[in-house]
Q: 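Have a look at the structure that comes next, please.
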Amino acid sequence: MTPEPAGSRSEVPAVEVVGLHVSLDGTPILTGVDLAVAVGEWVTVIGPNGAGKSTLLRAVGGLLRASGVISLFGTESAALRRRERARVVATVAQSPVVPPGMTVLDYVLLGRTPYIPTLGRESAADVAAVHEVLDRLDLTSFHRRELATLSGGERQRVFLARALAQGATLLLLDEPTSALDIGHQQEVLELVDELRREQGLTVLATMHDLSLAGEYADRMALLADGQVAAIGTPSEVLTEHLLSTHYRASVRVVPGAHGPLVVPVRPRP
Ligand code: ADP
Ligand code: MG
């Protein structure tokens with residue numbers, strides 16, 4: 001393999017967060033978060049309810065004010081205009097707001113907003129990009145349906161489709177599977193992983209199901225008390241010690257084929 005020249009693009013992380021502080025309504029939520037995600041990597045942030053996982057993703061996506069430095073592919077996020085940022089990073093929120101009465105096609109077309117001129121209409125290329133994504137995600141037959149009529153798994157695929165139609169190479173997925181049954185959870189995560197490999201996407205996700213999270217992530221970051229308490233491979237982060245300390249949970253961690261499996265065990269009375 002030819003060695004990459006020093007300073008080449010592949011060495012620039014997709015995401016670099018240094019000394020991130022976020023306060024919401026005067027309450028400090030993140031108090032010095034450092035995190036780097038390499039291009040093509042899948043990093044999943046875990047941590048107890050209220051740890052600030054969604055806040056971290058929103059800050060990385062440029063959706064809220066933060067102090068500290070956030071760089072996306074080597075460019076400081078604060079220096080990017082909204083449209084420029086939207087071509088780089090796409091977010092699937094924890095519970096996306098679904099405009100009433102909107103069809104799947106129109107919703108996915110919203111992903112093309114950063115390419116449509118103000119007061120302009122979508123071009124044939126935008127519509128083609130949307131149809132390509134719908135096809136890739138097996139959503140073509142749904143395109144005229146109202147979003148509200150879809151099942152949870154179908155709707156989650158549509159949320160993903162909108163993010164992909166945006167053409168961004170960094171995907172921020174906030175609990176992409178929490179509303180899904182076990183089969184649809186696997187389906188969505190396998191799909192994301194396939195797209196990551198095919199298209200060289202970078203994934204920064206949050207997830208609650210720790211075993212499932214560990215099966216897909218290259219690395220995991222455990223967020224607690226406003227900071228990254230641990231970061232590393234799933235085996236390094238999913239330990240009984242770290243999970244009992246930060247989740248106050250009684251668990252056993254057993255080896256699985258694709259990473260550690262976390263089993264809740266009822267504490268002794
Ligand atoms: P997680 O996704 O890890 O469950 P969040 O990032 O959603 O956590 O929230 C982190 C903390 O910030 C929580 O304690 C939550 O109550 C608080 N929080 C979220 N949004 C606001 C807000 N708009 N104003 C004040 N506090 C907020
Ligand atoms: Mg959250």
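Note: hydrogens, waters and symmetry copies are ignored here, and every other heavy atom, side chains too, is used. Order of appearance sets the numbers: ligands from 1, and atoms from 1 within every ligand. Here, residue 1 is the first one in the sequence, and each next residue gets the next number.
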Q: Among protein heavy atoms, which lies nearest atom 24 (N) of ligand 1, and at what distance?
A: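 Of every protein heavy atom, Asp25 OD2, 3.2 Å lies nearest to atom 24 (N) of ligand 1.
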Q: Could you find the nearest protein heavy atom to atom 10 (C) of ligand 1 and give me its residue, atom name and distance?
A: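 Result: Gly50 O, 3.3 Å.
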Q: Ile29 to ligand 1: N or O pair under 3.5 Å?
A: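 N/O-N/O distance below 3.5 Å does not exist for this pair.
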Q: Using the side-chain contact (heavy atoms from CB on, under 4.5 Å) definition, which of the options His208, Gln185, His184 pairs with Thr177?
A: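 Considering His208, Gln185, His184, a side-chain contact (heavy atoms from CB on, under 4.5 Å) with Thr177 is found only for Gln185.
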Q: Tell me whether ligand 1 is touched by Gly47 - counting only heavy atoms on the residue side and a distance under 4.0 Å.
A: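 No, that is not the case, since the closest heavy atom of the residue is not under 4.0 Å from the ligand.
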Q: For Gly183, is there any backbone N or O sitting under 3.5 Å from a side-chain donor or acceptor partner on Gln186?
A: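 Looks like no, no N/O pair under 3.5 Å.
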Q: Tell me, please, if Ser54 has any N/O/S atom, main chain or side chain, under 2.8 Å from the Mg ion (ligand 2)?
A: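 It does; at least one qualifying atom falls short of 2.8 Å.
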Q: Would you check if Phe159 and Val98 make a side-chain contact, meaning some heavy-atom pair closer than 4.5 Å?
A: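 The answer is yes; the side chains approach within 4.5 Å.
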Q: Which residue and non-hydrogen atom of the protein lie closest to atom 7 (O) of ligand 1, and at what distance in Å?
A: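 Going atom by atom, the protein heavy atom closest to atom 7 (O) of ligand 1 ends up being Ser54 CB, 3.7 Å.
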Q: Can you find a protein heavy atom under 4.0 Å from atom 15 (C) of ligand 1?
A: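 Within 4.0 Å: no protein heavy atom nearby.
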Q: Would a search of protein heavy atoms around atom 3 (O) of ligand 1 find one under 4.0 Å away?
A: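 Given the 4.0 Å cut-off, atom 3 (O) of ligand 1 counts as touching protein heavy atoms.
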Q: Which protein heavy atom lies closest to atom 8 (O) of ligand 1, and at what distance to 0.1 Å?
A: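 Nearest neighbour among protein heavy atoms for atom 8 (O) of ligand 1, to 0.1 Å: Gly52 N, 3.2 Å.
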Q: Nearest to atom 21 (C) of ligand 1, what protein heavy atom do you find, and at what distance?
A: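 Residue, atom and distance for the closest contact: Leu24 CD1, 3.4 Å.
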Q: Let me know which of Leu223, Val33, Val22, Leu63 forms a side-chain contact (heavy atoms from CB on, under 4.5 Å) with Thr55.
A: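 Looking at Leu223, Val33, Val22, Leu63, the match for Thr55 under the side-chain contact (heavy atoms from CB on, under 4.5 Å) is Val22.
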Q: N/O to N/O below 3.5 Å, does that happen between Gln94 and ligand 1?
A: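 Min N/O separation from ligand 1 is not below 3.5 Å for Gln94.
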Q: Closer than 2.8 Å to the Mg ion (ligand 2), do we get an N, O or S atom from Thr55, backbone or side chain?
A: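 Under 2.8 Å: Thr55 has no N, O or S contact with the Mg ion (ligand 2).
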Q: So is Thr55 polar-close to ligand 1, meaning N/O to N/O under 3.5 Å?
A: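 Indeed, backbone or side chain, Thr55 has an N or O that close.
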